[in-house]
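Just below is one structure, and these are the notes that go with it.
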Amino acid sequence: VSAVSSTEIAAALIELLGSETKVSTGSSILAHHAHDGGLIEGRTPDAVVFPESTDDVAAVMRYATEHRIPVTPYGAGTSRGGKTVPLFGGISLDLSRMDAIVAVHPDDFDVVVQPGVLRKALNARLAEHGLFFPVDPGADASLGGMASTNASGTTTVRYGGMRPNVLALEAVLADGSVVRTGTRARKSSAGYDMTNLLIGAEGTLGVITELTLRIHPIPEKTVVARVSFDDLANASKAVVALTASSSIISRIELLDAHTISIVNAHFGTELVEAPTLWIEYGGSKKAIEDDIEFGREIWEELGSIDIVVEGDPTAQHRIWEARHNFGPALWARHPGKTSTGTDICVPISELPSAIAYARTLIDETGLDVSLVAHAGDGNFHFVFMVNPASDEPALVKRIYKSMAEHALACGGTSSAEHGIGVEKQGFLLLEHGDLLPAMRAIKAALDPAGILNPGKIFADTTRA
Ligand SMILES: Cc1cc2nc3c(=O)[nH]c(=O)nc-3n(C[C@H](O)[C@H](O)[C@H](O)COP(=O)(O)OP(=O)(O)OC[C@H]3O[C@@H](n4cnc5c(N)ncnc54)[C@H](O)[C@@H]3O)c2cc1C
């Protein structure tokens with residue numbers, strides 16, 4: 001915790017940045033940046049800073065290093081697990097005002113953006129060129145936050161997550177120096193891959209101030225199939241079979257029967273209450289027709305009990321609603337509770353057994369838990385609604401640990417896309433205990449005073 005008082009920090013930052021509008025100590029703004037809506041408690045930041053340029057970020061970092069003040073970068077604040085929670089107070093560095101789309105290069109399929117650009121705004125702009133940025137974590141997150149968590153989501157099965165879609169970064173290091181990683185070239189073998197080191201670093205190694213992203217053509221046609229199966233094992237087998245085919249699939253999402261019953265109860269829909277896949281095809285009309293025909297063979301062979309195929313964009317939107325709206329349905333069912341989710345990913349062929357193993361553990365507890373999966377990647381979330389003041393969070397942690405151990409034993413990971421933050425540090429130890437000394441050495445090299453998002457990924461012994 002910094003020895004400098006909140007008042008001194010705010011006054012010094014206003015002086016440095018030359019503007020009162022870039023620094024806030026208003027109680028509602030401080031409170032907004034103190035929590036992420038999850039289970040982790042931190043401290044209220046001393047000040048929230050809204051930089052408007054890379055120079056502003058560099059000035060803040062030089063000041064913070066000089067006075068050993070913690071700095072927690074903040075994008076759109078949609079992550080969970082304590083990543084944006086300032087555990088030691090200090091400065092919450094909110095990048096939302098750095099939201100310019102700097103350059104679109106349609107012929108080179110890349111775009112240069114500031115970190116506060118939100119993904120929906122980026123796609124609205126790219127649509128003018130028939131292009132889009134595919135990484136879709138559901139929430140309208142910022143590109144800087146998405147890079148810092150190595151976000152992925154519904155389209156990863158086809159386009160990959162953030163890592164394959166970021167070509168280059170500009171970042172400000174802890175000492176205020178500005179560095180550039182990567183280039184606009186599609187490939188580079190020039191030295192260590194610092195771009196991919198900063199991606200997924202959760203703001204612990206540098207503040208991302210600009211990103212060069214790969215962009216893709218919007219497919220000529222999109223068709224969505226919603227297919228229900230009589231059991232989860234067959235739905236999972238369908239995922240494996242579809243992934244093994246060369247079909248032009250851009251999304252394969254899965255909800256289980258219980259989750260669909262919650263959606264039906266909340267929205268008055270009449271979806272078949274059985275394990276269901278949402279499969280999106282994107283490509284030429286002819287190729288999609290062939291792939292759907294092949295898909296039908298797989299679905300019917302595996303005993304599908306309901307198949308709906310839609311090519312009309314409005315009808316597709318309605319089909320996706322149930323998948324996208326399970327969150328609000330769940331929250332409405334458990335007023336006052338907090339959601340917390342697992343983020344396991346296993347090799348595709350292990351998906352059926354990993355889900356079945358987790359379901360057995362969960363059912364023994366009697367908790368009300370929903371399943372939503374980016375099934376095409378082997379990534380599944382069990383969403384628990386817990387009372388933070390009860391023993392439920394500890395129970396969930398025990399279940400998650402068993403699930404993580406099972407996933408690791410079959411070649412998987414404890415965190416596919418949400419990152420480690422505070423909540424999953426024990427799992428990182430299980431998964432990469434042998435690498436922690438190297439990770440700590442990298443952290444110490446880039447941030448010797450330990451001021452960048454301290455206490456995240458691994459407990460920061462210089463501060464704790
Ligand atoms: C309904 C819902 C669904 C979700 N589904 C998915 C999903 O499918 N896949 C997925 O990956 N995630 C998902 N998430 C989680 C979340 O959207 C992602 O983690 C997202 O990438 C966070 O982006 P953000 O801009 O909100 O970042 P924040 O939450 O603000 O920050 C995330 C982390 O990045 C750091 N950070 C932010 N900006 C910068 C910067 N410029 N430089 C350095 N560090 C920075 C922060 O310090 C923090 O550690 C979901 C969230 C919600 C609410």
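Order of appearance sets the numbers: ligands from 1, and atoms from 1 within every ligand. For reference, positions follow the sequence shown, starting with 1.
In this structure, the side chains of V104 and R125 come closer than 4.5 Å at one or more pairs of heavy atoms.
Within 6.0 Å of atom NE2 in H258, more than 12 heavy atoms from other residues, nucleotides or ligands are found, so the atom counts as buried in its surroundings.
Taking the six-membered ring for Trp, Y159 and F132 have ring centres closer than 6.0 Å. Aromatic ring centres of F109 and H105: separated by at least 6.0 Å.
Within ligand 1, the atoms closer than 4.0 Å to a non-hydrogen atom of M146 are 21 (O), 23 (O), numbered from 1 in the order shown. Those atoms of ligand 1 that come under 4.0 Å of a heavy atom in T149, given as number and element, are 19 (O), 20 (C), 21 (O), 32 (C), 33 (C). For ligand 1 and A151, the ligand atoms under 4.0 Å from any heavy atom of the residue are 11 (O), 21 (O). Numbered from 1 in the order shown, with element, the atoms of ligand 1 that lie under 4.0 Å from a heavy atom of G206 read 43 (C). Listed by number with element, the atoms of ligand 1 under 4.0 Å from a non-hydrogen atom of T84 are 28 (P), 29 (O), 30 (O), 31 (O), 48 (C). Every atom of ligand 1 is numbered from 1 in the order shown, and the set under 4.0 Å from a heavy atom of E202 is 47 (O), 49 (O). Atoms of ligand 1 lying under 4.0 Å from at least one heavy atom of G203, given by number and element, are 43 (C), 44 (N).
Distance alone, capped at 3.5 Å, is enough to place a donor-acceptor pair between the K456 side chain and the K83 backbone.
For G77, the closest heavy-atom approach to ligand 1 falls below 4.0 Å. Using a 4.0 angstrom heavy-atom cutoff, M162 does not count as in contact with ligand 1. Contact annotation: A201 has no heavy atom less than 4.0 Å from any atom of ligand 1.
Protein non-hydrogen atoms do reach within 4.0 Å of atom 10 (C) of ligand 1.
Side chain to side chain, E273 and S261 fail the donor-acceptor criterion of an N or O pair below 3.5 Å.
Using a 4.0 Å cut-off between heavy atoms, P115 contacts ligand 1 through its side chain alone, with no backbone atom that close. Here T154 has no heavy atoms under 4.0 Å from ligand 1, in either its backbone or its side chain.
Residues satisfying the salt bridge (charged side-chain N to carboxylate O under 4.0 Å, His left out) criterion with R333, sequence neighbours excluded, are D368.
Relative orientation of the F427 and Y400 rings is tilted, given thresholds of 30° and 60° on the angle between their planes.
In terms of polar-atom proximity, defined here as any N/O pair under 3.5 Å, T72 makes no such contact with ligand 1.
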